[in-house]
Chemist: 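Here you go, one structure.
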Amino acid sequence: MTQSGLRAQPGKPTGIVGRIVGYLMDIYNREDNHWTVSLLNIGETSKVLEIGFGTGLAIADAAKIATHGCVYGIDHSETMLKVAQKRNQSAVKSDRVRLQLGNVMALPFEDNYFDIVYSINCIYFWEPPTEGLAEIYRVLKPEGTVAITARNRDDEIYARWKPNIVRDLLLSSGFVNVKILDGPNPKHPIYCAIGNKLVNQK
Ligand SMILES: C[S@@+](CC[C@H](N)C(=O)[O-])C[C@H]1O[C@@H](n2cnc3c(N)ncnc32)[C@H](O)[C@@H]1O
C-alpha cells in the first residue's frame with residue numbers, strides 16, 4: 001500500500017488494514033466517543049443520527065439511552081459498517097439501531113427528521129464542510145441539536161479545524177446558540193462545537 005493509501009485509511013477504512021485502523025481508533029478515540037454522547041441530552045424517545053460512526057462505539061452509548069427511540073448511523077466505509085453492525089448486533093436486531101452506507105453530502109433522510117445529529121473525528125474529510133453541514137441542518141428538526149467533535153491541535157492536519165473555525169462554519173450554516181466545549185483531558189485535547197437549528201420563524 002502507498003503512503004497516501006495508508007493516510008487515506010482513517011477517512012475511509014477499507015479491508016484488513018481498515019479493520020486494524022478501526023482497532024486503533026477504538027483505543028485513541030474512546031474518550032472522544034463517550035464524552036460526546038454525554039453532552040447530547042439524549043432522551044428515551046430521541047431520534048438520533050451519527051455521521052461517520054467508525055466502529056460504532058458512540059452508537060452503542062447512544063442506544064443505551066434512547067431505549068424507546070432510534071439511533072441511526074451513516075458511514076461511507078463498508079468495512080466500518082460491518083464492524084459497527086457486529087458491535088451493535090442486538091440493538092440492530094431489535095431495530096433500535098439502524099446503520100447504513102452513506103455520505104454526509106447526501107443524507108438519505110427526509111427534512112426535519114432528527115432530534116440530534118452528531119459527528120466525531122469526521123468533519124476533516126468533508127469537502128467542502130459547508131455541504132455536509134447544510135445536509136445536517138436539513139435533516140434536523142427545528143430546535144434540534146448538532147454536535148461536531150474534533151481534535152484541538154495546532155499541527156498541519158488539524159489547524160484548519162480549530163474550534164473558532166468550526167464554530168464560524170456552524171454559524172454560517174444557520175445554526176444558533178453555538179458554543180465550544182473543551183474535552184475533559186488536557187493531554188488529549190478535543191472540543192465539541194454544539195448548537196441548534198433555528199426554531200421555525202412565524
Ligand atoms: C477518523 S474515523 C472516526 C470514527 C469515529 N467517529 C471515531 O471517532 O472513532 C472517520 C469515519 O468517518 C467516515 N467518513 C469520512 N468521511 C465521510 C463522509 N463524507 N460521509 C460518511 N462517512 C464518512 C469514515 O469512513 C470513518 O469511519
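For ligands, and for the atoms within them, numbers begin at 1 and follow the listed sequence.
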Chemist: Are any of the side-chain nitrogens in Asp115 or Lys47 under 4.0 Å away from the carboxylate oxygens of its partner?
Modeler: no
Chemist: Is the closest N or O pair between Pro13 and ligand 1 shorter than 3.5 Å?
Modeler: no
Chemist: Mark the output for Asp75 as yes if a heavy-atom distance to ligand 1 is under 4.0 Å, and as no if none is.
Modeler: yes
Chemist: Any ion pair linking Lys12 and Asp75 (charged N to carboxylate O, less than 4.0 Å)?
Modeler: no
Chemist: Which residue and atom name correspond to the protein heavy atom nearest atom 19 (N) of ligand 1, and how close is it?
Modeler: Asn103 OD1, 3.0 Å
Chemist: Report the residues that fulfil salt bridge (charged side-chain N to carboxylate O under 4.0 Å, His left out) with Asp61, sequence neighbours left out, ordered by chain and then residue number.
Modeler: none
Chemist: Gly102: heavy atom below 4.0 Å from ligand 1, yes or no?
Modeler: yes
Chemist: Checking contacts here: is it the side chain or the backbone of Thr149 that comes within 4.0 Å of ligand 1, counting heavy atoms only? Could be both or neither.
Modeler: neither
Chemist: How long is the straight-line distance from CG of Leu140 back to CZ of Phe175, given to the nearest 0.5 Å?
Modeler: 5.5 Å
Chemist: Below 3.5 Å, N or O to N or O, backbone or side chain included: is there any such pair between Ile74 and ligand 1?
Modeler: no
Chemist: Classify the contact between Met80 and ligand 1 as side chain, backbone, both or neither, using a heavy-atom distance cut-off of under 4.0 Å.
Modeler: side chain
Chemist: Please classify the Met105 to ligand 1 contact at 4.0 Å (heavy-atom distances, strictly less than): side chain, backbone, both or neither.
Modeler: neither
Chemist: What do we get for Asn121 next to ligand 1 when only non-hydrogen atoms under 4.0 Å count, side chain, backbone, both or neither?
Modeler: both
Chemist: Any pair with a residue in residues 172-184 that passes side chain to side chain donor-acceptor pair (under 3.5 Å), sequence neighbours left out, goes on the list, sorted by first then second residue, please.
Modeler: Asn177-Asn196
Chemist: In this structure, does ligand 1 have an atom that sits under 4.0 Å from one of the heavy atoms of Arg30?
Modeler: no
Chemist: For Met80, does its backbone N or O pair with a side-chain atom of Ser77 as donor and acceptor, under 3.5 Å?
Modeler: yes
